[in-house]
Student: 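Just passing along the structure, written as structure tokens.
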Amino acid sequence: IYEEVMPCSRMELSQRLAVEELITTEASYVHNIQLCVSDIRAHLQKKELPDLDLEGLFSNTDDILHVSRRFLKGLEAAATQEHEQLLRISALFQEFKEEMETVYKIYCASYEHALLLVESYRKDPRLQQEILETLNATVPHTGASDLSFFLVMPVQRVTKYPLLLRKILENTPTSASAYPALQAAVHAMGQVNANINEYKRRREVATKYNKAEHLTLRDRFARLNTHSIAKKTTRLSRLFMHEAGIVAKTEDREYDDLEEKFQCVVSSVAALKENVASYLGHLEGPAQQYRRFAEYLHGTVFPEFKRRLDRLVCQPLCSLSDMLVGPQQLVKKRLDKLLDYEEIQERKSEMGSVTYDEEAAMNTYLAINALLVAELPRFNQVALQLLGQILCSFSTLQRDLAAQVLHQAEKELEQMPHGRMPVPSFWKMVEDTLRQSGAQLHSFCQTFETVTPSPVTQPLNPAEERKVLSLVSKHGPDKLYQVTSNISGSKDLDLTLQRGQIVALLQSVDTKGNTSRWLVDAGGPRGFVPAGKLQPYCPVQSQQPGMQMPALENSTERRRYSYAPPEAPRPQVATFTPAFQVVAGFSFAARSPQEVSLQAGQPVVVLEPHDKKGSKEWSLVEVNGQRGYVPSSYLMTVPVQEPMGWSLPV
């Protein structure tokens, strides 16, 4: 009997001690984390040291403290239930495993960065002295010489949970009712640690390739070698085979959907930044006829509006744009690694095995892909929320601005000649004015039914003209399109184009069958652009002096006549010259005799695209017979939309 009872008593005692160790060490751990958050960090915050990165040091210790306090409370409650103690402890670990994994994986992934910060602070005598003073003032009993003493505690604690549980399990009879539950808890916490390690590895891969994107041009050249050139050549070759449909592309519907949403966020943020900048530009330049009213707005209303717009819209928008850079680089790197992965998989299927480096390359792709699939949904959600908040702020600012402008405009309207006119009389005056304008427009249209001079056009520079002529000769004039607004390529094989550029359509669908993304030739580079930012462009068939090309009248086209004064005969060679016209994009009021006023949409002739000092911020132009300088940014080059129809004369 003694031999049977004693081992059982020893096992029960060891089990009780193991449970006690779990609870007491958890209480001590929570106490130390509390000191770290409420004493050490708070003390350093009060010092307001600009070179001290507290967020990088302490990461998400607040979240860890919140979870650990609740977990400790559950352990203490389980300790009072003597008969169901082990079952309750097992259930508690199962209950908290997801929360623990979430908070600890973030902390463990940033732990290496925190250690690098601690090491850098050791090399700064002033910062190190401030940190030592804080430790001596808040936790002198620990004898800690630097912050790493506390920063390592969460890393150690999460890895110790499986060991503590296994110790309890080893001292629990296999016949006990709590034994299966304890086994499940040990396995669950082991899996938590495995997931944390995998997440940490993925983050390290992501960090490595994000750092690589910030290399200088010299560093990039230094990294070039035979192996890297061969690898990039293989990737490019495989990418071309994908686009040509020679080999099938690895499909990942879940990732493709996430990337499409992410790219939508990227393009939305870029478009909003561009539109806000354009919007601010349009607020400049008071209208000539309402100068006093405009001066009041520019002196009082607009400065406050711009200050609020910068703080509530522009700064958050720039921050959001910066947040997108890292995921964008990782998305691009994933494509590179996918091409490597496919190439190695193909080789593996042929040869049956791969080298260690090739296996590592495959694992790198799997790590990046898994990280993006896991984190892009949350990232997209947060980015869309931020974008929505920015748009709401912008709408509110617009509403406030409109109310202020309207309030001031009502005061101005009261002082106008028609401000006190009875409503019926006012509408009668409007109808008479519209009737008179209609008669003038009708007379104007009748004049245009006869011969009208050709529009004043400004040709492209020789290089651009040669490019357009090349596109016409390769693809024909019916394939030419013009870019209606700036395009910033966000995907691989996307083109970045400026407004006004001429391209030739190659295919009105991309490789996935998407008809809103077209393949075009930009006179050299070929790639995809949004179909919505293209409009048909027709080159004008210009005539050399001395040529006459009358067009026969039919049901759809009137007869056009061209006349040229007699000259010496010269070769009659018809060429295609794109017709462009320079117009004022915004109204401009001259402020000195050297300047000339413009109205929005007014055609101008650029005499010199710079001032006398060579600055391209000002251009010398001719408008209605007057010459003067105007801001170059107020001018835009637009095509003559219908070269075969009538155009407004200058």
Student: Is any side-chain heavy atom of Asp53 less than 4.5 Å from a side-chain heavy atom of Leu57?
Tutor: no
Student: Indicate yes or no: at least one non-hydrogen side-chain atom of Leu164 is less than 4.5 angstrom from one of Thr25.
Tutor: yes
Student: Please step through side chain to side chain contact (heavy atoms under 4.5 Å, CB included) for the pair Asp340 and Thr364, ending with a clear verdict.
Tutor: CA-CA 10 Å; Asp340 295 343; Thr364 298; over 6 Å; no
Student: When you measure from the side chain of Asp310 to the backbone N and O of Lys306, does any donor-acceptor pair fall under 3.5 Å?
Tutor: no
Student: Sequence neighbours left out, what passes side-chain contact (heavy atoms from CB on, under 4.5 Å) with Arg399? Give chain and number order.
Tutor: Thr396
Student: Keeping to residues at least two apart or across chains, list the salt bridge (charged side-chain N to carboxylate O under 4.0 Å, His left out) pairs with something in residues 21-47.
Tutor: Glu21-Lys167, Glu26-Arg157, Arg41-Asp62, Lys47-Glu130, Lys47-Glu133
Student: Given 3.5 Å as the limit, does a donor-acceptor pair link the side chain of Lys337 with the main chain of Ala361, or not?
Tutor: no
Student: Is Gln329 close to Lys332 at the side-chain level, that is, under 4.5 Å between some pair of heavy atoms?
Tutor: no
Student: Take a 6.0 Å sphere around NE2 of His187 and say whether it holds more than 12 heavy atoms from other residues, nucleotides or ligands.
Tutor: no
Student: Are the side chains of Leu65 and Thr61 in contact, using a 4.5 Å heavy-atom criterion?
Tutor: no
Student: Show the nearest heavy-atom pair for residues Pro327 and Leu324, with the distance to one decimal.
Tutor: CD-O, 3.4 Å
Student: Listing request: all salt bridge (charged side-chain N to carboxylate O under 4.0 Å, His left out) pairs with a residue in residues 99-108, at least two apart in sequence or in separate chains.
Tutor: Arg70-Glu99
Student: Do Asp124 and Gln128 have side-chain N/O donor and acceptor atoms under 3.5 Å apart?
Tutor: no
Student: Could you tell me if the side chain of Ser28 sits less than 4.5 Å from the side chain of Asn32, heavy atoms only?
Tutor: yes
Student: Using the side-chain hydrogen bond (donor to acceptor under 3.5 Å, both in side chains) rule, collect all pairs that involve residues 141-155, keeping only residues at least two apart or in two chains.
Tutor: Arg122-Asp146, Asp146-Ser148
Student: What is the distance from atom CG of Asp611 to atom OG of Ser615, rounded to the nearest 0.5 Å?
Tutor: 4.5 Å
Student: Taking all non-hydrogen atoms of both residues into account, name the closest pair between Leu135 and Ile40 and its distance.
Tutor: CD2-CD1, 4.0 Å
Student: For Tyr111, what residues pass the ring-ring contact (aromatic ring centres under 6.0 Å, His included) criterion, not counting sequence neighbours?
Tutor: none
Student: If you apply the rule side chain to side chain donor-acceptor pair (under 3.5 Å), what do you find for Lys97 with Gln94, and how did you get there?
Tutor: CA-CA 5 Å; Lys97 65 180 181 182; Gln94 294 285 2; 3.2 Å; yes
Student: Do the side chain of Ser278 and the main chain of Glu274 share a donor and acceptor less than 3.5 angstrom apart?
Tutor: no
Student: Could you pull out all residues at least two apart from Tyr29 that satisfy ring-ring contact (aromatic ring centres under 6.0 Å, His included)?
Tutor: none
Student: Partners of Phe394 by ring-ring contact (aromatic ring centres under 6.0 Å, His included), sequence neighbours excluded?
Tutor: Tyr279
Student: Where is the tightest heavy-atom contact between Thr134 and Leu44, given as atom of each residue plus distance?
Tutor: OG1-CD2, 3.3 Å
Student: Looking at Pro162 and Gly190, what are the two nearest heavy atoms and their distance?
Tutor: CG-N, 4.1 Å
Student: Would you please test Gln404 and Asp400 for side chain to side chain donor-acceptor pair (under 3.5 Å) and show each step?
Tutor: CA-CA 6 Å; Gln404 289 178 289; Asp400 294 346; over 6 Å; no
Student: What I want to find out is whether Glu76 reaches Lys73 closely enough, with some N-O distance under 4.0 Å, to be called a salt bridge.
Tutor: no
Student: Work out which heavy atom in Lys200 is nearest to a heavy atom in Ala109; give both atom names and the distance.
Tutor: CG-CA, 4.3 Å
Student: Determine whether Val373 and Glu254 make a side-chain contact, defined as any pair of heavy atoms from C-beta on separated by less than 4.5 Å.
Tutor: yes
Student: Any heavy-atom pair between the side chains of Arg126 and Leu49 that's under 4.5 Å?
Tutor: yes
Student: Is there a side chain to side chain contact (heavy atoms under 4.5 Å, CB included) between Asp63 and Thr102 once you walk through the steps?
Tutor: CA-CA 10 Å; Asp63 298 331; Thr102 300; over 6 Å; no
Student: Got a sec, which residues hit ring-ring contact (aromatic ring centres under 6.0 Å, His included) with Tyr341, two or more places apart in sequence or on another chain?
Tutor: Tyr365
Student: Determine the minimum heavy-atom distance between Tyr107 and Leu151, stating which atoms define it.
Tutor: OH-O, 2.5 Å
Student: Determine all donor-acceptor pairs shorter than 3.5 Å in which one atom belongs to a side chain in residues 262-270; sequence neighbours excluded.
Tutor:
unit_1: Gln263; atom_1: OE1; unit_2: Ser490; atom_2: OG; d: 3.4
unit_1: Ser267; atom_1: OG; unit_2: Gln263; atom_2: O; d: 3.1
unit_1: Ser267; atom_1: OG; unit_2: Cys264; atom_2: O; d: 2.9
unit_1: Ser268; atom_1: OG; unit_2: Cys264; atom_2: O; d: 2.7

Student: What is the distance from atom OG1 of Thr24 to atom CG of Leu72, rounded to the nearest 0.5 Å?
Tutor: 10.0 Å
Student: Tyr255 and Val331: side chain to side chain contact (heavy atoms under 4.5 Å, CB included), yes or no, with the steps?
Tutor: CA-CA 10 Å; Tyr255 172 79; Val331 166; 3.5 Å; yes
Student: To the nearest 0.5 Å, tell me how far Leu54 CG sits from Ser59 OG.
Tutor: 12.5 Å
Student: Any chance you could measure Ile487, atom CD1, to Asp494, atom CG, to the nearest 0.5 Å?
Tutor: 9.0 Å
Student: Within a radius of less than 6.0 Å around CD of Gln81, do more than 12 heavy atoms belonging to other residues, nucleotides or ligands occur?
Tutor: yes
Student: How long is the span from the CG atom in Leu52 to the CG atom in Leu147, to the nearest 0.5 Å?
Tutor: 8.0 Å
Student: Scan for ring-ring contact (aromatic ring centres under 6.0 Å, His included) pairs involving residues 143-170, sequence neighbours excluded, and state none if there are none.
Tutor: Phe71-Tyr161, Phe93-Tyr161
Student: Do any N or O atoms from the side chain of Thr355 and from the backbone of Glu358 form a donor-acceptor pair under 3.5 angstrom?
Tutor: yes
Student: Measure the shortest side-chain to side-chain distance between Glu259 and Leu335 over non-hydrogen atoms and say whether it is less than 4.5 angstrom.
Tutor: no
Student: Distance-only check: which donor-acceptor pairs under 3.5 Å involve side-chain atoms of residues 380-390, not counting sequence neighbours?
Tutor:
unit_1: Asn380; atom_1: ND2; unit_2: Leu258; atom_2: O; d: 3.4
unit_1: Asn380; atom_1: ND2; unit_2: Leu376; atom_2: O; d: 3.3
unit_1: Gln381; atom_1: OE1; unit_2: Arg378; atom_2: NH1; d: 3.4

Student: If you count heavy atoms of other groups shown closer than 6.0 angstrom to CD of Glu84, is the number above 12?
Tutor: no
Student: Residues in salt bridge (charged side-chain N to carboxylate O under 4.0 Å, His left out) with Asp336, at least two apart?
Tutor: Arg235, Lys333
Student: Just wondering, are more than 12 heavy atoms of other shown residues or ligands nearer than 6.0 Å to CD in Glu617?
Tutor: no
Student: Begin with the C-alpha distance, continue with both residues' side-chain angles, and end with the deciding distance and a verdict on salt bridge (Lys or Arg N to Asp or Glu O under 4.0 Å) for Glu20 and Arg16.
Tutor: CA-CA 6 Å; Glu20 185 178 336; Arg16 188 179 299 113; over 6 Å; no
Student: How many angstroms lie between atom CG of Leu330 and atom CD of Glu375, to the nearest 0.5 angstrom?
Tutor: 9.0 Å
